[in-house]
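One structure below.
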2 protein chains.
Amino acid sequence: MENGIANLLGALSLAVMDRIEQGAREVVGRGGETPAALIVIGYGQGMTNDKLRRILGLSHSGTVRLVDRLVSDRLVERRPGKDGREVALHLTASGVASRNELLASRISAVTSLLEVLSSAERKQLATLIRALLARQDTSEMDRFTICRMCDDRVCTNCPLPTNKGQHGH
Amino acid sequence: MENGIANLLGALSLAVMDRIEQGAREVVGRGGETPAALIVIGYGQGMTNDKLRRILGLSHSGTVRLVDRLVSDRLVERRPGKDGREVALHLTASGVASRNELLASRISAVTSLLEVLSSAERKQLATLIRALLARQDTSEMDRFTICRMCDDRVCTNCPLPTNKGQHGH
DNA sequence: GTAAATATGTGCGTAGCGCACATATCTGGT
DNA sequence: ACCAGATATGTGCGCTACGCACATATTTAC
């Protein structure tokens with residue numbers, strides 16, 4: 001394989017993430033995995049502290065403190081979970097609003113880089129990225145991790161597989 | 001413009017940077033902008049603290065402390081600059097070695113994601129990314145920032161322009 | 001009914017960074 | 001030659017984001 005393409009994708013990815021993270025920090029006033037946490041909790045699948053920890057790739061205590069910050073910012077509430085041990089994380093009204101701003105800011109940041117391409121070029125690029133993602137060997141948890149900033153309002157059919165390995169049943 | 005492509009590129013960029021940053025942390029034992037600093041200093045254009053600050057997008061003091069860390073790790077040396085105010089940053093032998101490991105780790109991380117594409121698909125993708133980057137309106141400093149992790153051993157002709165705006169002469 | 005597993009919270013330390021301030025050198029105008 | 005402003009670096013101090021080790025509560029399995 002030729003390495004030029006890897007370097008180009010690395011540079012583009014850095015530029016994309018710089019812009020996304022800058023926008024996210026402006027919207028929620030926090031960095032690190034905090035913006036992603038807000039988005040993930042907003043997916044609303046009865047998120048718990050421990051699931052969040054795995055998706056974000058943080059330590060347990062780091063996740064607890066992250067949720068502490070979101071709670072002190074009045075963006076998230078801790079409610080009793082089904083299981084008596086679990087905590088069910090829910091967005092407040094203000095949390096939902098911040099999350100929507102966050103998603104809009106992210107799409108806008110990436111779009112500003114993409115708009116120099118023609119409509120046909122963007123279609124080509126979309127097809128290639130979709131293929132690239134679809135052929136990765138990702139577990140369900142990997143998928144949540146990669147998609148932890150994704151906009152569920154525009155990403156209807158995610159190309160990522162959820163069945164890593166797929167050896168037998 | 002359709003937003004699906006922006007979301008896809010955002011997700012891919014996140015996956016790419018996750019892998020690059022994880023590898024970088026394993027190689028140099030440090031996170032944040034420290035790996036990028038090591039690469040930038042290695043370009044060897046008589047790097048100073050202040051130029052580095054602008055490229056990395058950090059505060060002045062943050063940059064001084066970052067260099068302190070690199071010096072205490074024996075990867076960088078502070079030498080007197082041409083101008084009596086400036087400090088000339090130079091990699092030590094061990095710094096050069098770490099930088100090479102860092103670059104190799106980055107290329108390897110991105111390549112592992114790309115190798116599911118056919119050779120023809122990779123060529124298409126390279127062409128599209130090259131076009132996307134070439135048409136951005138970037139200043140020379142923007143270029144250094146975007147390329148702060150780039151592998152100068154494989155990136156021969158960078159597509160990024162260096163003449164932002166280009167109003168008048 | 002007790003041991004192991006699961007889920008959360010806490011004390012404590014560290015890395016990475018910014019703000020405000022201090023210091024040293026260079027530049028330009030008189 | 002001199003002095004004000006610009007330029008470049010270093011420092012005191014605090015904060016955010018995070019991990020490790022430990023403590024606690026609940027559930028599951030034998």
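Numbers restart at 1 for each chain; the letters A, B, ... are given by sequence-line order, proteins then strands. The structure displayed is predicted, hence computed values, not measured ones.
- Note on R65(A): a base of the nucleic acid sits closer than 4.0 angstrom, heavy atoms only.
- Candidate nucleotides dG9(C), dG16(C), dA7(C) were compared by shortest atom distance to the side chain of R69(B), and dG16(C) ranks first.
- When each of H60(A) and V87(B) is assigned the nucleotide of DNA chain D with its nearest heavy atom, V87(B) is the one assigned upstream, toward the 5' end.
- At a cut-off of 3.5 angstrom, the base of dC19(C) holds at least one donor-acceptor pair with the side chain of S61(B).
- Across all strands shown, G81(B) has no heavy atoms under 4.0 Å from either base or sugar-phosphate atoms.
- When only modelled atom types and interatomic distance are considered, D142(B) and T145(B) share no side-chain donor-acceptor pair under 3.5 Å.
- Within the 4.5 Å cutoff, no side-chain heavy atoms of L89(A) are placed close to those of T48(A).
- Closest to the side chain of L58(A), out of dA8(D), dG19(D), dT9(D), is dG19(D).
- The shortest distance between side-chain heavy atoms of M17(B) and L14(A) falls below 4.5 Å.
- The residue among G57(A) and E86(B) whose nearest nucleotide of DNA chain D is located toward the 5' end is E86(B).
- Each of R54(A) and D83(B) lies near DNA chain C, and the nucleotide nearest R54(A) is the one positioned closer to the 5' end.
- Within 6.0 Å of the CZ atom in R74(A), the count of heavy atoms belonging to other residues, nucleotides or ligands does not exceed 12.
- Contact annotation for T63(B): no contact, since no heavy-atom pair falls under 4.0 Å across all strands.
- Residue contacts for D68(A): at a heavy-atom cut-off of 4.0 Å it reaches no nucleic acid atom on any strand shown.
- No N or O donor and acceptor, one from the side chain of R85(A) and one from the base of dT8(C), sit under 3.5 Å apart.
- Side-chain N/O atoms of R78(A) include one lying less than 4.0 angstrom from OP1 or OP2 on dG9(C).
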